[in-house]
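Chain naming here is simple, since letters A, B, ... match the order of the sequence lines and numbering starts at 1 in each.
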Number of protein chains: 2
Amino acid sequence: MIKLILVDDHPLFREGISARLSMHQGIDIISEAENGRQLLEQLTTCSPDIVMMDINMPDINGMDALEMVKEKYPSIKVIMLSMHDDKEYILNVIRAGAEGYLLKDISGEEMISAIIKVYEGSKCFSNEIAEILAQDTNQKNDVLTTREQLVLRLISHGYNNKKIAVELDISVRTVETHKRNIKQKLMINTTSGLVRYAIEHRLDK
Amino acid sequence: MIKLILVDDHPLFREGISARLSMHQGIDIISEAENGRQLLEQLTTCSPDIVMMDINMPDINGMDALEMVKEKYPSIKVIMLSMHDDKEYILNVIRAGAEGYLLKDISGEEMISAIIKVYEGSKCFSNEIAEILAQDTNQKNDVLTTREQLVLRLISHGYNNKKIAVELDISVRTVETHKRNIKQKLMINTTSGLVRYAIEHRLDK
DNA sequence: GTCTATCTACGGGTTATTACTTAGAAAATG
DNA sequence: CATTTTCTAAGTAATAACCCGTAGATAGAC
């Protein structure tokens with residue numbers, strides 16, 4: 001029997017997943033949680049084999065919860081769920097050590113076989129995700145250096161050059177240089193365009 | 001027997017809702033669709049009492065589909081579903097003539113009673129929504145004039161003043177004036193901030 | 001040790017944006 | 001018909017952003 005905890009802030013999703021997994025005898029949902037905080041509380045008294053968790057949740061979100069679970073309970077396998085087939089997310093999830101990453105619109109069979117695979121020690125990522133990873137790993141986003149990403153984030157929050165300079169404690173001229181390089185790398189030539197890019201590619205958080 | 005069509009691009013949501021509504025004998029899900037296009041096709045051969053539809057969907061989204069359904073089949077009641085408790089959405093949905101607007105995280109009982117209410121001719125909006133509407137209906141967004149919204153949209157697409165002027169065939173000085181007024185009304189003082197605002201409040205489409 | 005990437009920063013000049021004011025024409029509202 | 005709103009536009013001056021190159025310091029890779 002595979003013991004599983006389900007974490008999602010939407011009851012509807014939890015019900016939907018429950019309905020699916022109940023079709024399979026070998027999987028037992030021993031508990032449910034609405035967010036990362038609840039999950040961590042439950043883990044003090046409860047030992048699941050697998051945690052299946054949404055990425056987007058209030059309070060403590062899925063990414064943070066993933067990192068905390070992996071730190072405190074490295075033997076618990078974690079499968080992340082997401083609406084978004086987004087490269088940035090996926091890379092972070094993989095780096096954080098999740099055993100699986102599934103898009104929410106997969107079929108029940110796929111979900112069950114993923115859980116079993118992960119339980120048996122493999123990793124499992126949605127087909128779409130393999131494709132996404134294959135696409136442009138060395139493209140666009142990775143070209144931005146840490147500092148550039150930081151500057152871009154501040155830009156996306158509506159900071160002007162001077163504020164960014166103050167915030168990062170560097171010269172306005174340096175901010176200008178970073179900004180110029182970012183624009184060149186992303187082939188975007190207005191600040192507004194950068195804001196849009198940052199938000200769309202989730203580089204603003 | 002209330003005949004209902006369920007429209008959502010995520011099978012999981014449809015399953016979750018089905019599971020809930022199956023508890024009630026008086027509701028019959030006669031069909032499901034993944035997006036607005038499929039819904040419209042189905043409506044040529046199928047006559048539901050109520051369409052229950054997600055707002056965010058690929059291809060033809062919920063808002064557009066709502067308008068089309070209301071135009072072609074005004075007798076069909078429509079309940080919109082959304083993850084977001086977003087004022088802009090709600091106002092648009094109400095203006096477009098939907099009979100209901102529910103947040104996806106309501107309970108099964110609430111959902112059933114909403115369907116029955118709507119079937120009987122009332123309108124039904126989530127409690128949260130009434131609160132949201134009560135909040136600041138006369139605030140922020142409604143103060144932007146048509147022209148200002150247009151300018152804001154172009155700003156959010158990365159246009160600079162000159163390009164906007166060319167696009168709208170007005171003087172750069174006029175664009176400056178509009179922009180200044182927008183900033184004042186929204187109490188935002190950078191262009192980047194405007195882009196963010198526009199995207200977050202969905203004024204960029 | 002050399003090479004490369006990254007972060008830092010400036011000079012000099014050009015262009016864009018902003019701040020503050022004012023104001024006419026047209027349309028909608030009363 | 002009077003009033004208000006909206007869209008239009010400009011003067012003037014200050015400020016910010018952008019474009020071009022250049023370059024030192026530091027850390028990591030080969």
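Note: CD (B:Glu176) to C1' (C:dT21) measures 14 Å, nearest angstrom. If you take CG of B:Asn160 and C1' of D:dA16, they are 14 Å apart, rounded to a whole angstrom. Put simply, NZ on A:Lys162 is 18 Å from P on C:dT17, counting in whole angstrom units. If you measure from atom NZ of A:Lys183 to atom C1' of D:dC18, you get 7 Å, rounded to the nearest angstrom. The nearest whole Å value for the distance from the OH atom in B:Tyr159 to the P atom in C:dA16 is 17 Å. Rounded to whole angstrom, the span from the CD1 atom of A:Ile182 across to the C1' atom of C:dT8 amounts to 14 Å. Note: CD1 (A:Ile188) to P (D:dC18) measures 13 Å, nearest angstrom.
In summary, of the residues considered (B:His178, B:Arg173, B:Lys179), a side-chain hydrogen bond (donor to acceptor under 3.5 Å, both in side chains) with B:Asn161 occurs for B:Lys179 alone.
With 3.5 Å as the limit, one finds a donor-acceptor pair spanning the side chains of A:Glu32 and A:Ser18.
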Report the C-alpha separation of B:Arg20 and B:Glu109 in whole Å, then their side-chain angles, then the decisive distance to 0.1 Å, and conclude whether the side-chain contact (heavy atoms from CB on, under 4.5 Å) test is met.
CA-CA 8 Å; B:Arg20 287 184 166 186; B:Glu109 294 77 41; over 6 Å; no
Stepwise side-chain contact (heavy atoms from CB on, under 4.5 Å) check, A:Glu99 with A:Met80
CA-CA 8 Å; A:Glu99 275 72 21; A:Met80 302 299 286; over 6 Å; no
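Contact between the side-chain N/O atoms of A:Lys179 and the OP1/OP2 oxygens of D:dA17 is not found at any separation under 4.0 Å. Using a 4.0 Å cut-off, no side-chain N or O of B:Thr191 falls inside it from OP1 or OP2 of D:dA16.
One finds no salt bridge joining B:Glu148 and B:Arg153 here, because no Lys/Arg side-chain nitrogen approaches an Asp/Glu carboxylate oxygen to under 4.0 Å.
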Scan nucleotides 5-10 of chain D nucleotide by nucleotide, 5' to 3', and note B when protein non-hydrogen atoms come under 4.0 Å of the base, S if they reach only the sugar-phosphate, - if neither.
-SSBBB
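Looking at A:Glu34 and A:Arg14, their side chains come closer than 4.5 Å, going by heavy atoms from C-beta outward. Inter-residue side-chain proximity for A:Phe13 and A:Asp54 is flagged as unmet; no heavy-atom pair is nearer than 4.5 Å.
When heavy atoms are screened at a 4.0 angstrom cut-off, A:Asn189 is found touching no nucleic acid atom at all.
Of the candidate nucleotides D:dC18, C:dT17, C:dA16, C:dT17 has the atom lying nearest to any side-chain atom of B:Asn161.
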